[in-house]
Amino acid sequence: MGNPVAIIGIGQTEHGKRMDVAYPELVREAVVRVYEDAGLEPDDIEGIVSGTMPSMMEGVALTHFYLADAMASKGKTILKTETCGSTGMSLAHTAYYWVSSGIADLVMAVGHEKMNEGDSQATMTTVGDPFYQRYFISGAPGVFSMQSQMWSVRYGLAEEKIRDAAAFISLTHHDSAFDNPYAHIKKRLTAEEIKTARIITYPVRLWDVCPNSDGACAVIFASQKMVKKLGIKKAAWVKGVGFSGEEQFFGDSDKAVWQSAVLAVRQAYSQAGIKNPLKELDVAEVYNPFTFQEMMFYECFGFCELGEAPDMVLRGSFTRNGDLPCDPSGGTLCTNPIGATGLIRTAEAALQVMGKAGDHQIPGAKLALSHAMGGIDQFNGIMIVGSEL
Amino acid sequence: MPKKVGIAAVAQNAGVESKDNFYDQSYKITKEILDKAGLKREELETIISAASDIFHGGISCANSYYWETTGAFLKPGSRQDGESLFAFFYGVMRILSGDYDTALVIALCKGSENPENDACTLMYADPFYQRMIGMNETMAAAMQMRIYMERYGIAEEQCAKVVVKNLANALGNPYAHRKGRFTVDDVLGSDRIIDPLTQMQIAPKSEGMVALLLASEEKAKKLTSKPVWFRGFGNSIDHYYIGDRDLLDSPLKTAAARAYKMAGISRPRKEIDIAEITEPYAFQELIWCEDLGFCGPGEGGKMIDSGATQKTGDIPVNPSGGVLANNPYVSRGLQRVVEATLQLRGEAGERQVDKKMKTALAHGTHGFAGQCHAVAILGV
């Protein structure tokens with residue numbers, strides 16, 4: 001890895017259905033907060049990287065123009081990173097490489113989405129090519145439901161067991177969201193309610209799916225020199241990054257053992273020197289828009305053996321008191337402003353290792369994994385952060 | 001960590017409408033550049049692409065569509081939106097970080113499958129104020145041209161000379177979409193699109209798969225006997241609302257200053273041997289020459305009159321024919337880098353500038369009246 005890079009500031013909006021603000025105002029809210037958090041002014045920053053989902057989501061293209069004033073970016077070096085659902089993680093990666101290369105000492109990453117001003121599922125349907133896939137992939141749940149079916153068949157997982165495990169995940173995450181001031185969906189649910197909720201795409205039911213959220217997240221990345229110069233005590237150091245991508249036609253490859261997830265995490269573990277993630281990691285913010293998929297990630301990331309995730313979930317291994325707490329923020333399942341979501345995972349991981357996660361703090365967390373995925377089952381990105389350089 | 005980043009190979013396709021589909025086009029360019037560098041796909045380490053959903057034939061999340069055709073299957077990578085020079089810069093960062101020794105930077109835009117450029121640029125406009133009045137890049141450019149002519153007494157004929165020069169230069173460029181010998185009268189006599197802009201002063205809508213292979217210093221020397229080195233980069237952005245801006249005080253000055261500082265350039269007119277700049281509207285070449293420090297404010301007209309920017313002049317601008325000849329919107333910035341590289345390597349064929357060259361500048365812009373600019377400096 002290149003020059004050491006640290007996260008030194010985080011700003012999030014209250015995510016949710018934010019009809020009280022326009023899109024630029026929403027972004028402004030996160031940007032103002034990140035500067036307050038880091039004790040910096042817009043003038044201090046050298047570069048800004050922003051990103052979102054495709055223009056169809058809100059009906060404005062190349063939003064670095066529209067949001068220039070909201071991000072206070074006039075006169076600054078700017079980049080615009082987008083990789084579909086993994087955009088937020090790709091933003092964190094861009095800011096990381098920018099500082100790690102030695103070109104800049106202070107860079108801000110801003111992810112944003114105002115999904116309630118558009119039709120997210122119609123937008124996502126246009127990700128599929130217009131000739132073959134678009135006709136039978138309607139939005140995100142179709143693809144991810146098929147993936148979870150493939151996984152359950154591969155390992156002969158009993159339908160009842162994975163249903164119970166998915167309900168367990170949904171219930172605990174929705175509970176956790178009450179402890180996260182920025183989370184969108186806060187609802188006390190029972191396992192029975194979750195298991196009998198209306199079907200979205202079999203086997204996925206309403207409480208197995210993330211919401212449409214409005215929200216923005218801004219994160220400031222700094223060089224080691226700048227951390228010293230500013231006298232910053234609590235920083236989250238980037239220990240490993242990884243990314244991998246697959247082809248568009250999702251019938252062409254195995255999604256039960258998701259190769260891009262496996263390769264992305266392998267790259268990040270190798271940089272961070274992690275051999276036994278379940279033991280070494282203190283917390284993980286896994287990108288979990290669907291409960292069933294979250295279990296596949298546990299397996300691909302080596303938190304357990306292939307096909308074992310449902311048992312581990314039901315044993316409580318990934319709860320806030322478990323071996324490896326996953327998504328103590330409530331995760332993507334409770335909050336999903338897509339362009340921001342991956343960056344929120346990194347921000348939450350950073351808050352944990354800085355000891356600033358408030359009511360959803362995992363005591364003593366020192367090493368945390370953050371993750372995002374995107375495309376038609378195509379992209380996975382990882383960033384691991386730690387409390388020590 | 002490597003100190004220098006080299007360009008080991010370049011490739012581009014022609015701007016005219018192709019019968020090849022998007023996948024074939026991007027695959028062929030990827031294959032061509034890997035073959036040129038003698039690199040196997042398996043050896044390529046990371047891929048940064050540039051594409052924009054709004055210029056992507058009605059398919060959202062552009063990288064989702066073409067990922068495997070750029071050699072990126074099961075590889076780490078990322079995408080930049082809107083401006084391919086962003087992807088160039090990001091590729092440079094990845095090499096400088098020391099994590100990668102090779103990075104493919106590839107820009108993808110199949111103009112023939114897109115609606116008219118301005119149907120897309122209209123979507124830059126906010127939906128409440130500017131879009132209602134039909135604001136798009138051409139309308140913004142027309143206003144900028146009017147202010148430019150009025151403030152500095154620039155004549156329409158001087159703007160038209162840019163078209164005459166660039167389309168004649170394009171005769172030597174096999175990739176150019178639009179080319180030919182025209183007169184100032186031809187240019188001014190073409191259809192008036194938005195006053196004072198006439199049709200020939202506006203760039204066309206072209207195809208463009210453009211690729212460039214970046215490598216660390218050591219690796220670049222292994223891959224090519226004629227590496228071209230990255231020397232500097234700068235970009236900058238202006239306020240959003242066009243009424244909040246002075247359209248003649250563009251962020252290009254800041255972008256250029258940053259690039260010059262990184263490259264250690266203090267007298268751009270003297271030190272830069274050739275410039276490939278993005279001039280989707282003819283008069284913009286004159287303004288951008290001023291902002292790049294090639295001449296003083298308001299002197300762009302005199303500069304084109306003097307012949308300094310001709311292929312035979314002291315600072316040739318757009319010997320490839322520029323964007324007026326070939327406009328694959330998102331890819332055009334990276335295409336400038338590719339053209340500048342070919343010039344420095346002496347491999348530009350009939351469009352080769354006939355002088356000894358050390359330093360070249362590549363420029364990209366997008367947004368209303370140049371809301372965003374990027375500048376790259378290359379050297380041998």
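Chain identifiers are assigned alphabetically (A, B, ...) following the order of the sequence lines, protein sequences preceding nucleic acid strands; residue numbering begins at 1 within each chain.
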**Q** Just how far is it from atom NE2 of B/His366 to atom NZ of A/Lys80, taken to the nearest 0.5 Å?
**A** 8.0 Å
**Q** Out of A/Val241, A/Leu67, A/Thr83, which one racks up the most heavy-atom pairs below 4.5 Å with chain B?
**A** A/Thr83
**Q** Give me the ring orientation class for A/Phe243 and B/Trp67: parallel if the planes are under 30° apart, tilted from 30 to 60°, perpendicular past 60°.
**A** tilted
**Q** Tell me whether the count of non-hydrogen atoms from other residues, nucleotides or ligands lying under 6.0 Å of CZ in A/Phe250 goes above 12.
**A** yes
**Q** Do you know which of A/Asp69, A/Ile376, A/Val262 has the most heavy-atom pairs with chain B at a distance under 4.5 angstrom?
**A** A/Asp69
**Q** Hey, does B/Pro127 have a side-chain heavy atom less than 4.5 Å from the side chain of A/Tyr66?
**A** yes
**Q** Which atoms of B/Ser78 are under 4.5 Å from chain A, going by heavy atoms: the side chain, the backbone, both sets, or neither?
**A** both
**Q** Go through A/Met56, A/Met53, A/Lys76 and name the one with the most non-hydrogen pairs under 4.5 angstrom from chain B.
**A** A/Lys76
**Q** Please report the closest heavy-atom contact between B/Asp238 and A/Ala68, naming both atoms and the distance.
**A** O-CB, 3.7 Å
**Q** Between B/Phe73, B/Phe233, B/Tyr241, B/Tyr66, which shows the greatest number of heavy-atom pairs under 4.5 Å with chain A?
**A** B/Phe73
**Q** Which bit of A/Gln271 is near chain B, if near means a heavy-atom gap under 4.5 Å: side chain, backbone, both or neither?
**A** side chain
**Q** Tell me the residues of residues 48-57 of chain B whose non-hydrogen atoms fall below 4.5 Å from those of chain A, in number order.
**A** B/Ser52, B/Asp53, B/Ile54
**Q** Which of the residues A/Gly59, A/Gly75, A/Gly381, A/Gly51 is involved in the greatest number of heavy-atom pairs with chain B at under 4.5 angstrom?
**A** A/Gly75
**Q** Can you tell me which portion of B/Asp126 sits under 4.5 Å from chain A's heavy atoms? Options are side chain, backbone, both or neither.
**A** both
**Q** Taking side chain as everything from C-beta outward and backbone as N, CA, C, O, which of these in B/Phe368 sits under 4.5 Å from a heavy atom of chain A? Side chain, backbone, both or neither.
**A** neither
**Q** Between A/Gly128 and B/Ile59, which heavy-atom pair has the shortest distance, and what is it?
**A** O-CG2, 4.3 Å
**Q** With a 4.5 Å heavy-atom cut-off, do B/Phe86 and A/His64 have their side chains touching?
**A** yes
**Q** Calculate, to the nearest 0.5 Å, the distance between atoms CE and SG belonging to A/Met124 and B/Cys61 respectively.
**A** 8.5 Å
**Q** With a sphere of 6.0 Å drawn around CD of B/Glu218, does it hold more than 12 non-hydrogen atoms of other residues, nucleotides or ligands?
**A** no
**Q** So what's closer than 4.5 Å to chain A heavy atoms on B/Tyr23: side chain, backbone, both or neither?
**A** side chain
**Q** Return the option, out of B/His239, B/Lys75, B/Met123, with the maximum number of heavy-atom pairs under 4.5 Å with chain A.
**A** B/His239
**Q** Just verifying a value: how many Å separate B/Leu96 CG and A/Tyr97 OH, rounded to the nearest 0.5 Å?
**A** 12.5 Å
**Q** Could you measure the distance from the CZ atom of B/Phe89 to the OG atom of A/Ser101? Nearest 0.5 Å is fine.
**A** 7.0 Å
**Q** Within the structure provided, determine whether B/Pro76 and A/Gln267 are in side-chain contact (heavy-atom separation under 4.5 Å).
**A** yes
**Q** Is the CZ atom of B/Arg131 crowded by more than 12 outside heavy atoms at less than 6.0 Å?
**A** yes
**Q** Could you give me the CA-CA distance, side-chain angles and deciding distance for A/Ile103 and B/Met262, then say whether side chain to side chain contact (heavy atoms under 4.5 Å, CB included) is met?
**A** CA-CA 10 Å; A/Ile103 291 177; B/Met262 199 185 283; 4.2 Å; yes
**Q** Do A/Phe65 and B/Tyr240 have ring centroids that are under 6.0 Å from one another?
**A** no
**Q** Quick one: does any side-chain atom of A/Glu82 pair with a main-chain N or O of B/Asp81 as donor and acceptor, under 3.5 Å?
**A** no
**Q** Given a strict heavy-atom distance threshold of 4.5 Å, which part of B/His373 is in contact with chain A: side chain, backbone, both, or neither?
**A** neither
**Q** For A/Thr77 and B/Asn235, work out which heavy atoms get closest and say how close.
**A** CA-OD1, 3.0 Å
**Q** Under a 4.5 Å heavy-atom cut-off, does chain B meet the side chain of A/Gln259, its backbone, both or neither?
**A** both
**Q** Between B/Ile237 and A/Lys74, is there a side-chain heavy-atom distance shorter than 4.5 Å?
**A** no
**Q** Quick one: what part of B/Phe128 sits under 4.5 Å from any heavy atom of chain A, side chain, backbone, both or neither?
**A** side chain
**Q** Atom CD in B/Gln371, atom CG in A/Leu62: separation rounded to 0.5 Å?
**A** 10.0 Å
**Q** At a 4.5 Å cut-off on heavy atoms, which part of A/Tyr96 comes close to chain B: side chain, backbone, both, or neither?
**A** side chain
**Q** What I'd like to find out is whether the side chain of B/Tyr124 reaches to under 4.5 Å of the side chain of A/Val60, using heavy atoms alone.
**A** no
**Q** Would you say A/Gln248's side chain and B/Ser64's backbone share a donor-acceptor pair under 3.5 angstrom?
**A** yes
**Q** Once you round to the nearest 0.5 Å, how far does CD of B/Gln80 lie from CG of A/Leu79?
**A** 5.0 Å
**Q** Tell me whether B/Tyr129 at atom OH has more than 12 heavy atoms from other residues, nucleotides or ligands lying less than 6.0 Å away.
**A** no
**Q** Counting only heavy atoms not in B/Lys253 (residues, nucleotides, ligands), do more than 12 fall under 6.0 Å from its NZ?
**A** yes
